[in-house]
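Along the sequence shown, residues are numbered consecutively beginning with 1. Just so it is clear, the structure is predicted and the values come from calculations on it, not from any experiment.
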Amino acid sequence: MIPDADELAEVLLDLAVPHEDIDELIALRRALTADAGAMRLLEECAGELVRDMGQIVDYGDGLQLRERVTEAPAGLGGHFATYVFVAALPHTRAYHRARGVPADVSRRTLTDLGRHMALHRRRHGRGGVQSPQWLVLHFRGELYQLGRLQFQRAQLWRRAALTLGTAGFDGTAGTPCLDIHIPEFLGPLTPAACDRSLALAREFFALHHPEEPYRAAMCHSWLLDPQLKKHLPADSNIVRFQERFRIARRDSEPADREPVQFVFGDPELPVAGLPRRTTLERAIGDHLRAGGHWYIGRGWLPL
């Protein structure tokens, strides 16, 4: 289930695991495999992750990896989730091959593990996986990296269908709809990069998931908060990204932690001390310091 030490290093490199984490993961492998209870937990988690591989599962259903990692021995630190993904990897790759997913798309999708480990170290100063629950989608074949953007296979739930209906989308609950996500550490969100991603998505899902006719893609993100247009130039990448969507509405509850997390790297940073180095940093921080709030916007675009 877990490769030997020499092979493990190569597997971790293929998943873009940061080099500073690899030696620690190899060293901890011995403690993991020597602990019968930890290995049972690993087998349970990996088995639950790959069960019904490829099926679209509600985020609150299936493997709840965020909770299960708390059952792992403390000595494994935050690395237990990484071992779960390594154990599931052969099943994920087999599913991708069966679907005809190109090797480069498979590789780039699964290297998001390394990105989330880099995010964890940036925020906490130690090894671990940021948002392990999120990565379950990647390893189950529910989400793919296609160029600059990530696309998640999804079905509209009732509330989303009603919300998007106010912006002209005629889908009902259960309608296939792609969720668009914007990962960090992949360069600017340029219009050309987004055009390329959307073109790749249209071709990819028609070819590899033809049984799921995706007529639209939706996005729910602080990047769709209409207030951003008041603070950023009209030709900024974020404003131009926002204008692709037919905005349904924004949430009524503030989501100030979201832009602070994605722009500054840590949602717990005090607002008063947020840097003002870039136009975006000044926009996010100054608006909060003036007593304003940021909200999650929701929108859709036709495919």
All side-chain hydrogen bond (donor to acceptor under 3.5 Å, both in side chains) counterparts of [X], not counting sequence neighbours:
X    : answer
R115 : D112
D286 : R276, R289
R107 : none
H181 : Q152

Discussion item. Any heavy-atom pair between the side chains of R240 and T190 that's under 4.5 Å?
Written reply: no
Worksheet item: Within a strict 4.5 Å, meaning less than it, do heavy atoms of the L25 and Y83 side chains meet?
Response: yes
Residues which pass side-chain contact (heavy atoms from CB on, under 4.5 Å) with [X], listed by chain and number, not counting sequence neighbours:
X    : value
I56  : E142, R153, Q155, E212, Y214
T278 : L280, E281
P210 : R99
Q261 : R123, P267

Worksheet item: Who else is in F185's hydrophobic cluster (ILVMFWY, side-chain heavy atoms under 4.5 Å, direct or via others)?
Response: L119
Discussion item. Go through it in stages, so that I can follow the logic: the residues are R122 and E184, the test is salt bridge (charged side-chain N to carboxylate O under 4.0 Å, His left out), and I'd like the CA-CA distance, side-chain angles, deciding distance and then a yes or no.
Written reply: CA-CA 12 Å; R122 180 178 74 171; E184 301 161 270; 3.3 Å; yes
Practice prompt. Sort and list the pairs that fulfil side chain to side chain donor-acceptor pair (under 3.5 Å) and have at least one residue in residues 195-206, not counting sequence neighbours.
Written response: D195-R244
Discussion item. Per the side chain to side chain donor-acceptor pair (under 3.5 Å) rule, what does the pair list look like for residues 25-47, sequence neighbours excluded?
Written reply: E44-R68
Worksheet entry | By ring pair (Phe, Tyr, Trp, His ring centres under 6.0 Å) - contacts of F204 (at least two apart) | Y144, H208
Fill in: Pairwise distance CG(L303) to CZ(F151) - rounded to 0.5 angstrom
7.5 Å
Worksheet item: Rounded to the nearest 0.5 Å, what separation is found between the CD1 atom of I26 and the CD atom of E7?
Response: 11.5 Å
Fill in: Other residues, nucleotides, ligands: >12 heavy atoms within 6.0 Å of E253 CD
no
Worksheet item: Is L8 linked to L13 within one hydrophobic cluster, defined over Ile, Leu, Val, Met, Phe, Trp and Tyr using a side-chain heavy-atom separation of less than 4.5 Å?
Response: yes
Discussion item. Check this for me: does any side-chain nitrogen of one of D251 and R298 sit under 4.0 Å from a carboxylate oxygen of the other?
Written reply: yes
Worksheet item: Between Q242 and L223, is there a donor-acceptor pair closer than 3.5 Å when you use the side chain of the first and the backbone of the second?
Response: yes
Item to complete: Say whether, by atom type as modelled, one donor and one acceptor occur between the side chain of D225 and the main chain of L228 under 3.5 angstrom.
Response: no
